[in-house]
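The figures here come from the full heavy-atom set of this structure, side chains too, leaving out hydrogens, waters and symmetry mates.
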Amino acid sequence: MHKFTPINLEPVARSGPVPSDTKRPDIGIFHVADDAITNASTDSEIAREFIAHGELSEKSIANTQKELFRFLTWCREEAGRSFHQLSVADLNLYKEFLKNPPPDWVATTKWPRTDPRYRPFTGPLSDASRRQAMIAVKGLLAFAEQTGYMRRNPARLVKNVRAPVASRITRYLTPHAIALALATVSARPAAPPAARRRRARDRFLLVAFTHTGARLNEIVSANMGAIYTEGNGRWWLDVIGKGNEPRRLPVPPEMLAALRDYRQAFGLLPQTARTDRTPLVLSSRNHSLARITDEAAAQALKAVFAAAACAAAGQGDTETAAVLRQASPHWLRHSMLTNHANNGVQLKTLQDTAGHANIATTAAYLHKTDNERHDEIIASVIGRGGP
């Protein structure tokens with residue numbers, strides 16, 4: 001068996017309590033409670049039940065599957081232990097393992113999991129990523145204990161990974177950088193037809209993320225009919241956010257204009273309808289109106305940023321060029337929230353638009369007070385001729 005052979009982690013619904021006299025040939029009664037409420041007989045089966053139990057979004061399921069595949073494979077290949085045999089020391093070792101996975105666990109290319117070249121990591125994980133990985137692992141082991149699959153849960157005694165939390169958001173694009181990116185994508189050639197479709201789509205993506213502050217998956221998973229008006233002159237975009245929470249986001253005229261141009265480039269009528277189930281983000285290579293993946297949308301925007309960085313460098317604006325080279329689609333979310341916060345939009349309004357559970361998260365986008373503090377100190381220094 002290949003070291004990284006795929007593990008079936010498709011979510012399955014629990015089928016109810018297991019009778020007390022049911023035999024589990026591969027798990028002794030020493031490990032499983034007499035009144036267990038799970039049918040799982042292997043670690044991977046309890047993982048599948050855990051994923052199904054969470055009522056997660058499609059994106060969250062994929063992320064959880066990724067983390068649990070890593071953990072299950074580590075248990076088998078590195079620790080040589082089942083869940084029942086794990087100790088606190090083992091789980092702390094796994095935390096350290098995530099910091100620097102061995103070379104045979106790493107591939108810089110993201111191969112499909114069915115490909116023999118697939119590896120679970122593309123490199124060491126940051127503290128924030130390790131924290132998320134351990135949250136998934138600890139959640140799984142807690143579920144295993146609660147269902148009676150495990151008699152004790154060593155993860156209870158494992159401390160969470162401490163990830164530094166920035167007091168303010170710094171990864172965002174200035175209005176100048178966004179304007180440069182918009183000009184760059186608008187200047188792309190309009191021939192052949194596939195290039196025209198790609199130009200219109202990428203321009204719409206840039207405008208949509210800039211104005212709505214939506215997360216990548218929220219827009220990619222939406223349909224055309226999610227953009228609508230209720231007849232009062234206000235336009236909205238309906239999205240499904242984290243935890244399957246619905247939100248509706250204000251749509252400004254510039255985004256509507258970009259949508260109309262984008263639809264026409266694909267041979268569609270300029271205006272959509274609430275019942276339109278056409279994917280909102282389409283493949284430019286396909287005439288069948290196929291939805292693209294999150295990764296493809298991210299790569300499309302990164303290509304826009306890269307071209308804009310070259311344009312900035314050509315103008316001698318090295319600072320903007322450097323920022324654009326680092327930018328990702330999520331920076332546009334940061335940019336929207338930062339720019340509106342600094343323009344005086346109420347934090348509660350931005351919290352509801354962003355879908356933040358805690359307003360303190362939204363407050364991190366407010367840079368205006370920092371700028372005012374800076375200007376007051378510099379003005380004082382200049383006013384008295386130095387320190």
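- To the nearest 0.5 Å, atom CG of residue L72 and atom CG of residue L140 are 7.0 Å apart.
- Here the closest non-hydrogen pair linking L205 and I219 is CD2-CG2, 4.4 Å.
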Please set out all donor-acceptor pairs under 3.5 angstrom arising from side-chain atoms of residues 307-324, sequence neighbours excluded.
{"residue": "D317", "atom": "OD1", "partner": "T320", "partner atom": "N", "Å": "3.2"}
{"residue": "D317", "atom": "OD1", "partner": "T320", "partner atom": "OG1", "Å": "3.1"}
{"residue": "D317", "atom": "OD2", "partner": "H176", "partner atom": "NE2", "Å": "3.3"}
{"residue": "D317", "atom": "OD2", "partner": "T320", "partner atom": "OG1", "Å": "2.7"}

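- Atom OG1 of residue T38 and atom CD1 of residue I46 lie 3.5 Å apart, to the nearest 0.5 angstrom.
- The shortest side-chain heavy-atom distance between R76 and I7 falls under the 4.5 Å cut-off.
- Here F97 and W105 bring their ring centres to under 6.0 angstrom of each other.
- Looking at N63 and S60, their side chains never bring a donor and an acceptor atom within 3.5 Å of each other.
- Taking CG of L173 as the start and NE2 of H334 as the end, the distance is 10.5 Å to the nearest 0.5 Å.
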Do E230 and W236 pass the side chain to side chain donor-acceptor pair (under 3.5 Å) test, and can you show the C-alpha distance, the side-chain angles, and the key distance before you say yes or no? CA-CA 9 Å; E230 294 175 337; W236 301 94; 4.5 Å; no
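- Once rounded to the nearest 0.5 Å, the distance linking CG of L91 with CG of L141 reads 6.0 Å.
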Side-chain polar contacts of residues 262-273 - donor-acceptor pairs under 3.5 angstrom, sequence neighbours left out - could you list them?
{"residue": "Y262", "atom": "OH", "partner": "L280", "partner atom": "O", "Å": "2.7"}
{"residue": "Y262", "atom": "OH", "partner": "L282", "partner atom": "N", "Å": "2.9"}
{"residue": "R263", "atom": "NE", "partner": "L269", "partner atom": "O", "Å": "2.6"}
{"residue": "R263", "atom": "NH1", "partner": "D276", "partner atom": "OD2", "Å": "3.3"}
{"residue": "R263", "atom": "NH2", "partner": "L269", "partner atom": "O", "Å": "3.1"}
{"residue": "R263", "atom": "NH2", "partner": "Q271", "partner atom": "O", "Å": "3.4"}
{"residue": "T272", "atom": "OG1", "partner": "D276", "partner atom": "OD2", "Å": "3.1"}

Would you please test E49 and T147 for side chain to side chain donor-acceptor pair (under 3.5 Å) and show each step? CA-CA 10 Å; E49 287 191 12; T147 57; 5.6 Å; no
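- Just one of V106, T122, L125 meets the side-chain contact (heavy atoms from CB on, under 4.5 Å) condition when paired with P101; it is V106.
- A salt bridge is defined here as a Lys NZ or Arg NE, NH1 or NH2 lying under 4.0 Å from an Asp or Glu carboxylate O, and R130 with E67 fails to meet this definition.
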Checking I227 against M255 for the side-chain contact (heavy atoms from CB on, under 4.5 Å) test, could you report, in this order, the C-alpha distance in whole Å, the side-chain angles of both residues, the deciding distance, and whether it holds? CA-CA 10 Å; I227 298 179; M255 182 174 162; 4.1 Å; yes
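- Rounded to the nearest 0.5 angstrom, K66 NZ and I61 CD1 are separated by 14.5 Å.
- Under the salt bridge (charged side-chain N to carboxylate O under 4.0 Å, His left out) criterion, D202 pairs with R188, not counting sequence neighbours.
- Note that CZ of R117 is 8.0 Å distant from OG1 of T109, once rounded to the nearest 0.5 Å.
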D127/R162 under salt bridge (Lys or Arg N to Asp or Glu O under 4.0 Å): CA gap, chis, key distance, verdict: CA-CA 7 Å; D127 286 343; R162 290 187 177 181; over 6 Å; no
Could you please spell out the steps behind the side chain to side chain donor-acceptor pair (under 3.5 Å) verdict for S186 and R203? CA-CA 7 Å; S186 300; R203 188 177 186 280; 3.0 Å; yes
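- The existence of a salt bridge linking R151 and E145 is excluded, since no basic side-chain nitrogen approaches an acidic carboxylate oxygen closer than 4.0 Å.
- Two rings, from W74 and Y94, have their centers less than 6.0 Å apart.
- Pairing each heavy atom of K302 with each of S328, the nearest pair is CE-CB, 4.3 Å.
- Taking the centre of each ring, F209 and F204 stay at or above the 6.0 Å mark.
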Working for salt bridge (Lys or Arg N to Asp or Glu O under 4.0 Å), residues E45 and R48: CA-CA 5 Å; E45 287 177 5; R48 294 176 66 190; over 6 Å; no
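- Under the 6.0 Å distance and 45° angle rule, R119 does not count as a cation-pi partner of F4.
- Using modelled atom types, one side-chain atom of K138 and one backbone atom of V158 make a donor-acceptor pair closer than 3.5 Å.
- Ring-plane geometry between H84 and Y149 is classed as tilted, the angle between the planes lying from 30 to 60 degrees on a 0 to 90 degree scale.
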